[in-house]
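Accompanying notes for the structure given below.
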Amino acid sequence: MSHSELNTTHDPRRQSWVESANAAETDFPLQNLPYGVFEHEGQVSWGVAIGSQVLDVRALANLHLLHSDAWVAAQSVQGHELNALMGLEPAMLHALRLSLSALLGADTPSDEFNASSQKKIKRLSKVLLLERDAVQMRLPCAIGDYTDFLTSQYHTERHGRFKGLAEPLPAAFKHLPVAYHGRASSIRVSGTPVVRPNGQYKDSAGQVVFGPSTMLDFELELAGLVGRGNALGQPIALDHAQAHFFGWVLLNDWSAKSIQWWESVLGPFLGKSFMSSISPWIVTQEALLPFRIPQQARAAGDPRALPYLQSAWDRAQGGFDIEMQAWLQTATQRALGEPGLQITQTHLKHLYWTFGQMLTHHTSNGCNLRSGDLLGSGTVSGPTDESRACITEITHAAKVPLAVGHGETRIDLQDGDAITLKAKAKNATAVSIGFGECTGVVLAAAAYPNPQESLT
Ligand code: MN
């Protein structure tokens, strides 16, 4: 049994004694066990989501209800960030997952220590198991660097056509995973409102103006969090790339496309850096093992990837069977208690490059990645209309307004609109696991310059 093959933690027959984890529609069954950092009654702790609850793993370790490598792994977390845990050897992370799975399973653990711990956890469940609704989620780790890729051919080609480019797909697109360096300091956890940025752009009359941005958009993405990094000057080969991902979260790469399209001489800048949102629960590498699928085949006539971006394992298992959705809820719908409108239904298989190829390309010049670095996939748009994963694509760059109910239409996001991203890994043989939600509401732009600002 090991961390890189299916094991008892994936067994679809196993259930949890936490009843809500056995519900068919839950994102967090026993087979998931994603890690997150939360605040409860003024105290910050970390743990795993299980059904509608959270198991406080820090408290578990402090009470010595974990043993051997599982206890050592849990003790690595100091402070309010999971980076040290994320940087551990996969075998240590496997030991922790194996213990948590045994402790939360409906069956009595065969290991005597775990059997006794399970009894104690049940007795102390009021303290150790918290309602997810009752805790405030925080960013799970310190994100030192954020890189956002552009790996959907469909998203890239549609944008190229909107901009009137003769060649909608850049020449490099099929040769390398294209990316830009994003801004890590403005990444926030799901639930944080996004304030419409002020900025410079060309208005509809062709005038260059400064003010509240127009064409505000969301981008539905999945993002990998780096576990073990690499030293400067030491690239990571594609066959080793997967072992450097700790896990994945949902990412909303909020974009002010009016600003972005005017300023992008050297790449995106202020049109992106005002804020990006991620979901709070990190779905781990090991939890996603049952959902590995082959990389999407290249079309006939596409160039072969250069050797450093090719591996048999990556071709066979570099992709994930993950369905993704975006929902838009207007202020009117929220006031009426309506869930809003599902505006995107897509799948991660539409990406041209795998996460392994993104990481390998990123380090191929010697660039060092560090534990907690975030690598976004780029907008996960597919070939069909329903799989367009941002408003710009859905509305053909504002030419075809989207009806959103109650007589309202959208060509871009309006103040009061909320965007919620969701994703689920599923197939015929495994228990489906979800990512929870990545949500945020758009607030009106702040006055500029800020009247609160003083020069003293
Ligand atoms: Mn993006």
Side-chain angles (χ1 to χ4, degrees), residues 16-23 26-30 32-67 70-86 96-97 99-101 103-105 114 116-143 185-194 225 246-247 249-250 275 277-284 334 372 418 420 434-441 443:
S16 175
W17 54 266
V18 178
E19 274 306 321
S20 58
N22 305 323
T26 185
D27 274 353
F28 307 121
L30 182 64
N32 195 346
L33 303 176
Y35 294 103
V37 173
F38 59 88
E39 200 171 325
H40 180 67
E41 292 174 353
Q43 296 279 89
V44 178
S45 191
W46 64 279
V48 288
I50 179 80
S52 61
Q53 306 201 278
V54 179
L55 178 68
D56 185 337
V57 179
R58 170 173 284 160
L60 219 60
N62 288 344
L63 292 169
H64 288 269
L65 299 176
L66 295 168
H67 71 151
W71 186 81
V72 175
Q75 284 296 108
S76 72
V77 182
Q78 302 294 325
H80 300 169
E81 286 145 355
L82 297 181
N83 299 65
L85 178 82
M86 294 163 67
L96 180 56
R97 174 176 165 87
S99 281
L100 295 173
S101 175
L103 296 172
L104 288 168
N114 282 341
S116 142
S117 284
Q118 190 189 60
K119 273 193 204 138
K120 287 180 193 149
I121 295 169
K122 287 180 179 173
R123 208 159 57 227
L124 295 171
S125 64
K126 279 215 165 60
V127 184
L128 296 175
L129 272 174
L130 306 166
E131 288 296 327
R132 250 189 316 116
D133 287 349
V135 303
Q136 180 82 35
M137 297 308 295
R138 301 171 61 124
L139 280 181
C141 58
I143 300 172
S185 68
S186 53
I187 297 174
R188 290 294 180 273
V189 74
S190 170
T192 310
V194 58
L225 282 161
F246 175 77
V249 293
L250 285 160
M275 198 180 106
S277 307
I278 63 169
S279 55
W281 294 106
I282 311 174
V283 178
T284 64
R334 193 159 47 259
T420 300
F435 285 75
E437 290 185 351
C438 181
T439 189
V441 63
L443 301 183

Chi angles and distances behind the side-chain contact (heavy atoms from CB on, under 4.5 Å) call for Glu437, Leu250: CA-CA 8 Å; Glu437 290 185 351; Leu250 285 160; 5.9 Å; no
Output the distance between atom CD1 (Ile282) and atom SG (Cys141), rounded to the nearest 0.5 Å. 5.0 Å
Have a look at Gln75 and tell me which of Asn62, Leu85, Leu66 forms a side-chain contact (heavy atoms from CB on, under 4.5 Å) with it. Asn62
Going through the distances and angles, do Leu124 and Leu63 end up as a side-chain contact (heavy atoms from CB on, under 4.5 Å)? CA-CA 11 Å; Leu124 295 171; Leu63 292 169; 4.1 Å; yes
Passes side-chain contact (heavy atoms from CB on, under 4.5 Å), Ile50 versus Phe28? Steps please. CA-CA 5 Å; Ile50 179 80; Phe28 307 121; 5.7 Å; no
Between CG on residue Leu96 and OH on residue Tyr35, distance to nearest 0.5 Å: 3.5 Å
Would you say the side chain of Phe38 lies within less than 4.5 Å of the side chain of Leu130, judging by non-hydrogen atoms? yes
Donor-acceptor pair, distance only, cut-off 3.5 Å: does the side chain of Asn22 make one with the backbone of Ser16? yes
Could you pull out the closest heavy-atom pair between Arg188 and Ser185, with the gap in Å? NH1-O, 3.0 Å
For Gln53 and Ser20, indicate whether the former's side chain and the latter's backbone hold a donor-acceptor pair under 3.5 Å. no
For the backbone of Pro280 and the side chain of Arg138, can you confirm whether one donor and one acceptor N or O come within less than 3.5 Å of each other? no
Can a donor-acceptor pair be found, under 3.5 Å and without considering hydrogens, that links the side chain of Asn32 to the backbone of Gly434? yes
May I ask you to decide if Val44's main-chain N or O and Arg58's side chain share a donor-acceptor pair within less than 3.5 Å? yes
Taking atom OG of Ser52 and atom CD of Glu131, what is their separation to the nearest 0.5 Å? 5.0 Å
Could you measure the distance from the OG atom of Ser117 to the CH2 atom of Trp71? Nearest 0.5 Å is fine. 13.0 Å
Please step through side-chain contact (heavy atoms from CB on, under 4.5 Å) for the pair Asp56 and Val127, ending with a clear verdict. CA-CA 8 Å; Asp56 185 337; Val127 184; over 6 Å; no
Lys119 NZ: over 12 foreign heavy atoms closer than 6.0 Å: no
Could you check whether any side-chain N or O of Trp17 sits under 3.5 Å from a backbone N or O of Leu103, counting only pairs where one atom can act as donor and the other as acceptor? yes
Answer yes or no: is there a side-chain heavy-atom contact under 4.5 Å between Leu128 and Leu65? yes
Checking Glu81 side chain against Gln78 main chain: does a donor-acceptor pair fall under 3.5 Å? no
Locate the shortest heavy-atom distance separating Asn83 from Gly372; write the atom from each residue and the value. ND2-CA, 3.7 Å
So, Ser190 side chain and Thr439 main chain: donor-acceptor pair closer than 3.5 Å or not? yes
So, taking the atom named CD1 in Ile121 and the one named CG in Leu60, what distance separates them when rounded to the nearest 0.5 Å? 4.5 Å
Would you say Val135 and Glu41 make side-chain contact, with heavy atoms under 4.5 Å? no
What is the distance from atom CG of Leu82 to atom CG of Leu225, rounded to the nearest 0.5 Å? 9.5 Å
Considering the options Leu104, Thr284, Val57, which one meets the side-chain contact (heavy atoms from CB on, under 4.5 Å) requirement together with Leu33? Leu104
Note, Pro140 side chain near Ile278 side chain (heavy atom, < 4.5 Å): yes
With side chains defined as the heavy atoms from C-beta onward, is the minimum distance between His40 and Val54 less than 4.5 Å? no
